[in-house]
Amino acid sequence: MEFYEETVADTLKRIGALNEMAVPLKTYRTRVDGLRFQLVENWCLCKWCQMFSPECGNFAHWQSELKACIDNLKLLQIKSGTDKKKLLKRMLVDDYDYDETSMIILILDGKFETEHISDAQRKIVADEFANSIHGLIEVISTGTFNTKSYIQNTFAIK
């Protein structure tokens, strides 16, 4: 009988913890807005490393920054029951044009200039991001994809 009571108590604690991780829709949208440029920059820096400089000393750092961005959005639930995938598609694709290379280039320009990354490489990486935005939305919006696995698979990390 004690075992059963402890299990129920543990379950209730977990449910409480999940409810604490749920935020109002407005708060989640604000979180997406606050992380959207960092999400693009870190994803693109990881892709640049994979494609052009796999031995770059910052590759691991940018991977961890990207993981933090993804998890920051992934681990929050929306209280209203709003479909996170639809919301992210509406925000990142419909509103912010993250599926368009030209928009990604605009976001990358400052950081990639600081990192001395050529215009030709910027365009290639921006194309990659624009073509991968739906996969990124998928990993953020569903619990079935592990962030670490997504990063390893996307950037061919062994």
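When a residue number appears, it is its place in the shown sequence, counting from 1.
Every residue meeting the side chain to side chain contact (heavy atoms under 4.5 Å, CB included) condition with Lys89, not counting sequence neighbours, appears here in chain and number order: Val93, Asp94, His134, Ile137. Residues that satisfy the side chain to side chain donor-acceptor pair (under 3.5 Å) test with Ser64, not counting sequence neighbours, are absent from this structure. With sequence neighbours left out, the side chain to side chain donor-acceptor pair (under 3.5 Å) criterion links Glu100 to no other residue. Shown here are the salt bridge (charged side-chain N to carboxylate O under 4.0 Å, His left out) partners of Asp97, two or more places apart in sequence or in another chain: there are none. In this view, Lys84 satisfies the salt bridge (charged side-chain N to carboxylate O under 4.0 Å, His left out) rule with no residue, not counting sequence neighbours. Looking at residues two or more places apart in sequence or on another chain, you find no side chain to side chain donor-acceptor pair (under 3.5 Å) involving Glu128. Remark: Ile124 engages Met51, Phe52 in a side chain to side chain contact (heavy atoms under 4.5 Å, CB included) (not counting sequence neighbours). Remark: Leu75 pairs with Met21, Asp71 by the side chain to side chain contact (heavy atoms under 4.5 Å, CB included) rule, at least two apart or across chains. Remark: Lys123 pairs with Asp127 by the side chain to side chain donor-acceptor pair (under 3.5 Å) rule, at least two apart or across chains.
Sorted by first and then second residue, the side chain to side chain donor-acceptor pair (under 3.5 Å) pairs involving residues 39-49 (not counting sequence neighbours) are Trp43-Tyr150, Lys47-Gln50, Trp48-Gln121. Contacts classified as salt bridge (charged side-chain N to carboxylate O under 4.0 Å, His left out) and involving residues 133-151 (residues at least two apart or in different chains) are given here: Lys85-Glu138. Annotation: salt bridge (charged side-chain N to carboxylate O under 4.0 Å, His left out) contacts involving residues 22-37, sequence neighbours excluded, comprise Asp33-Arg36.
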For this session: List the steps, then state whether side-chain contact (heavy atoms from CB on, under 4.5 Å) holds for Arg90 with Leu87.
Result: CA-CA 5 Å; Arg90 186 170 47 248; Leu87 174 66; 3.6 Å; yes
